[in-house]
Amino acid sequence: MDAAISIKDLHVSYYGSEAVKGVSLSVDPGKLVGIIGPNGAGKSTFLKAMLNLIPRDKGEVKILGKSIKDVRKKIAYVPQRSDIDWDFPITVLDAVLIGTYPHLKVFHRPKKKEKQWAFACLERVGMQEFSKRQIGELSGGQQQRVFLARALAQQADLFFLDEPFVGVDVSSEETIVSILKELCTQGKTVVVVHHDLSKANDYFNELILLNKELIGFGTVEEVFKPEVIEKAYKGQFAFMKEIGVSI
Ligand code: ADP
Ligand code: MG
């Protein structure tokens with residue numbers, strides 16, 4: 001069986017300054033993986049470079065044993081909130097309908113079948129009553145649910161979400177987590193950038209701990225240890241207290 005994600009020696013830099021240095025790892029299908037690390041650690045950069053959304057300096061990435069361009073339709077990506085233009089004039093239902101586009105034939109517009117499917121995805125995230133609203137009129141949690149619905153509409157095999165819980169209410173966070181866990185039980189692979197470590201234990205099977213370099217990778221039990229975490233968060237004592245590590 002091919003790995004869901006296989007990365008060899010990934011390097012990314014901005015204007016000559018390295019943001020991701022030599023990351024290699026492999027993730028099996030059906031896993032819920034958290035990417036953790038301090039602010040500016042290169043988490044978003046790593047995710048974008050993995051998905052070919054920004055250029056890499058070096059490195060090989062295979063998704064389901066293939067190069068990204070051959071499996072693009074199987075990948076759903078929900079960007080970080082700050083990367084999304086929330087003023088863009090689009091209704092909730094239309095935003096979700098975009099998720100069905102990869103399955104449409106060339107020059108075909110979404111019809112009744114696609115609209116029903118998009119609506120079903122909105123129901124799954126509890127946002128069906130908001131279908132006619134503009135996305136800019138929603139709360140953070142509602143916006144994140146809509147983006148998850150769009151990813152669901154795509155019927156992808158791999159889901160990549162960048163900080164989906166930032167600015168999100170508790171109930172939306174619970175809804176999103178339970179859907180992500182359910183996707184994994186269906187054999188889908190889910191990768192989530194998450195900077196708040198307090199829930200990492202409950203949410204993920206595996207953790208990728210980054211600070212430019214790969215500091216730790218493995219099961220939550222293997223990575224979520226003070227001596228490993230400390231390597232990524234050097235000197236950030238307040239943070240260590242926050243996660244209950246005695247110092
Ligand atoms: P994280 O998501 O872990 O907070 P990022 O991947 O956003 O980290 O950023 C990693 C580093 O790269 C930071 O130092 C950031 O300032 C820099 N960086 C990110 N995006 C750009 C960009 N478009 N141009 C230049 N530098 C960038
Ligand atoms: Mg980021």
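When a ligand or atom number is given, it counts from 1 through the structure's own listing order.
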* Of all the atoms in N39, is at least one N, O or S atom closer to the Mg ion (ligand 2) than 2.8 Å? -> no
* Asked: Between F46 and ligand 1, which part of the residue brings a heavy atom under 4.0 Å of the ligand: side chain, backbone, both or neither?
  -> neither
* Any idea how Y203 and H194 line up, ring-wise: parallel (<30°), tilted (30 to 60°), or perpendicular (>60°)? -> tilted
* Give the intermediate values and the outcome of side-chain contact (heavy atoms from CB on, under 4.5 Å) for residues V146 and V125. => CA-CA 7 Å; V146 170; V125 301; 5.9 Å; no
* Please check atom 15 (C) of ligand 1 for a protein heavy-atom neighbour under 4.0 Å. => no
* Close-contact set for ligand 1 against T45 heavy atoms, below 4.0 Å -> 5 (P), 6 (O), 9 (O), 10 (C)
* Given the protein's heavy atoms, is any one of them under 4.0 Å from atom 2 (O) of ligand 1? -> yes
* Measure from the Mg ion (ligand 2) to each N, O or S atom of T45 and report whether any distance is below 2.8 Å. => no
* **Minimum-distance protein heavy atom relative to atom 8 (O) of ligand 1** => G42 N, 3.2 Å
* With side chains defined as the heavy atoms from C-beta onward, is the minimum distance between T189 and L64 less than 4.5 Å? -> no
* Asked: Going by heavy atoms in the side chains, are I135 and W86 under 4.5 Å from each other?
  -> yes
* Asked: Quick one: does Q80 get an N or O within less than 3.5 Å of an N or O on ligand 1?
  -> no
* **Among N205, I179, L161, the one residue meeting side-chain contact (heavy atoms from CB on, under 4.5 Å) with V190** => L161
* Asked: Are L25 and I36 connected in a single hydrophobic cluster, I mean Ile/Leu/Val/Met/Phe/Trp/Tyr linked by side-chain heavy atoms less than 4.5 Å apart?
  -> no
* Hydrophobic cluster identity match, V33 and L51, side-chain contacts under 4.5 Å -> yes
* Which residue supplies the protein heavy atom nearest to atom 13 (C) of ligand 1, what is that atom called, and how far is it? -> G40 O, 3.9 Å
* Min side-chain heavy-atom separation D2-K62 under 4.5 Å -> no
* A19 N/O under 3.5 Å from ligand 1 N/O -> no
* To do: Identify, for atom 19 (C) of ligand 1, the protein heavy atom at the shortest distance, and state residue, atom and that distance.
  => Y14 CE1, 3.3 Å
* Structure fact -> In this structure, atom 7 (O) of ligand 1 is nearest to the protein heavy atom S44 CB, 3.9 Å
